Trainee: 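Just dropping this structure here.
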2 protein chains.
Amino acid sequence: MNRLDISLIRDLPPFVGMEVVDLQNILAQATAHRHEKGTTIFSESEKANYFYLLLDGHIRVVKINQNGEQMIARYISAGESYGIAKAIGRDTYPANAVAAVDCLSLAWPTKIWDDIILQHPNFATNSYQTVGKRLFETQERMLELATAKVEQRVANVILKLANQTGKKTEEGILIDFPISRQDISEMTGTTLHTVSRLMSAWEDKGWVKSGRQKIVLVEGHKLMLVATNAAD
Amino acid sequence: MNRLDISLIRDLPPFVGMEVVDLQNILAQATAHRHEKGTTIFSESEKANYFYLLLDGHIRVVKINQNGEQMIARYISAGESYGIAKAIGRDTYPANAVAAVDCLSLAWPTKIWDDIILQHPNFATNSYQTVGKRLFETQERMLELATAKVEQRVANVILKLANQTGKKTEEGILIDFPISRQDISEMTGTTLHTVSRLMSAWEDKGWVKSGRQKIVLVEGHKLMLVATNAAD
DNA sequence: TTTGTTAGTTGCGTTTGCGCAAACTGAATC
DNA sequence: GATTCAGTTTGCGCAAACGCAACTAACAAA
């Protein structure tokens, strides 16, 4: 196994302020994993043997119901930890994780979680904060799902994605990983058809440019108006 | 101020296995609060000066959007802690808490949170587990909101409430606090009209008995079929 | 007892968004 | 270059659920 360099993690939130020795110690227990685009990294209710830190790529966190209908709970971006079942007092994963593109992660055995938490209070604090933030965001999304119209929800999701993972280009802000109409629909609780219709309409107005699994946000403020219910 | 008796909390999950001295110490720092039905205990984004343990009653956790539309995020039952902003790495409350009936709580100043966590690992574990469970449940509800029909969602909510807070009576299982059609609609992302229509239909079939802010579940298995999409 | 208030019911028309189906497009593969 | 396939677009009809409005029922306060 290769020696991993502490520069990989040194500047990430969970590790700031840690001694070099500690970082080396933590890294020594990690293994690097490559996940090909489309691969399932872990599944819901599976035994949580590892917890992960995403170094590069994008991961889709997905919940599936009995009928096979699914919803994208969130996207994980580089620098974020995931699969941290222990942080939520579980020993199984609460959802499925799928690589949205080719990904690179560090993985630690879950059995060393307690040690790490104990020895690195900063890491602990950060983990619980992450969980807290996710709970808060999920509640916000639920409120939106319950009160906002499809149009607003779709506009909102595009704005959020552009904000989080957007790359400036000549045309506008490009969402930096392949994302389909189906994906958007699974984030907003609607159908790909409805998403397609909405996006076509916005494209006609010049607010977005989009193609196959590609979305470029051109006039963010216009979508903002849609998201905040400009109808009234 | 009255001396509080450790029997109040001794048997609750966060405190099991704690020494009597520790319990007394913790209790000595708590104050008892009475919250009249309908009172707002705290509001979203308000500074989290206290965290609470509900001794008696039921609390509604509510999120409100810009248009004043609201959604009930969850109900807190006796024995549960709430307002534990620190456990999710915040210093403001993430939602509003309203007493659904007259309530009795213990309150601790948030500034002693870190001490308690440090000195009582069991309390810490339990808190994080609580947060984790709430995250999981919220995600499940979001999935349901996104994929299930109104009818199923309403059926599900009634079943859950009956399960969690149900009291056996001659007629069936009574949901043990006043709950209106409006409340149900705010838990399921629909309107009180639709809830009323559904409940009337179920009442006609004899599956539930309901009145003013009262719901009795008569034939749970029938509602179960509705909840799990018996349509197909 | 009367009056006011809050909760619940129900009919009717409307709208949003779904479901189905068919066609189209661009990228990858052979 | 032909073929295949996944992703996308779009038309059309329909149903679920909403919104409005009017009315009724239960409870509380005067």
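Each chain gets a letter, A, B and so on, in the order its sequence line appears, and its residues count up from 1. Because only heavy atoms are used, hydrogens play no part in the values below, and waters and symmetry mates are left out as well, while side chains stay in. What you see is a predicted model; the values in this text were computed from it and never measured.
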Trainee: Round to the nearest Å and state the distance from A:Ile215 atom CD1 to D:dT8 atom P.
Mentor: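 Atom-to-atom, A:Ile215 to D:dT8, this comes out as 8 Å.
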Trainee: Check B:Glu203 with B:Lys209, please: is the shortest side-chain N to carboxylate O separation under 4.0 Å?
Mentor: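 No, this pair does not count.
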Trainee: Would you find more than 12 non-hydrogen atoms of other residues, nucleotides or ligands less than 6.0 Å from B:Tyr82 atom OH?
Mentor: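 Enclosed.
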Trainee: To the nearest Å, give me how far apart NZ (A:Lys149) and P (C:dG17) are.
Mentor: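 That distance rounds to 7 Å.
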Trainee: In whole angstrom, give the distance that lies between atom CH2 of A:Trp202 and atom C1' of D:dT8.
Mentor: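 For the pair A:Trp202 CH2 and D:dT8 C1', the rounded distance is 16 Å.
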Trainee: Phosphate oxygens OP1/OP2 of D:dA17: is one of them under 4.0 Å from a side-chain N or O of B:Thr190?
Mentor: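 No.
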Trainee: Please state whether the rings of B:Phe177 and B:Tyr75 are parallel, tilted or perpendicular, taking 30° and 60° as the class boundaries.
Mentor: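 Taking B:Tyr75 first and then B:Phe177, their aromatic rings sit tilted (interplane angle of 30° to 60°).
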Trainee: In terms of the angle between their ring planes, are B:His35 and B:Tyr52 parallel, tilted or perpendicular, with boundaries placed at 30° and 60°?
Mentor: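 Ring orientation of B:His35 relative to B:Tyr52: perpendicular.
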Trainee: Is a side-chain donor or acceptor of B:Ser43 paired with a backbone partner of B:Glu46 at a separation under 3.5 angstrom?
Mentor: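 Between the backbone of B:Glu46 and the side chain of B:Ser43 there is no qualifying donor-acceptor contact (under 3.5 Å).
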Trainee: Can we say A:Asp102 and A:Lys37 salt-bridge, meaning some charged N sits less than 4.0 Å from an Asp/Glu carboxylate O?
Mentor: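 No, A:Asp102 and A:Lys37 are not salt-bridged.
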Trainee: Strictly under 4.0 angstrom, non-hydrogen atoms only: write out the protein contact profile of nucleotides 5-12 of chain C, one letter per nucleotide from the 5' end, B, S or -.
Mentor: -BSSBBBB
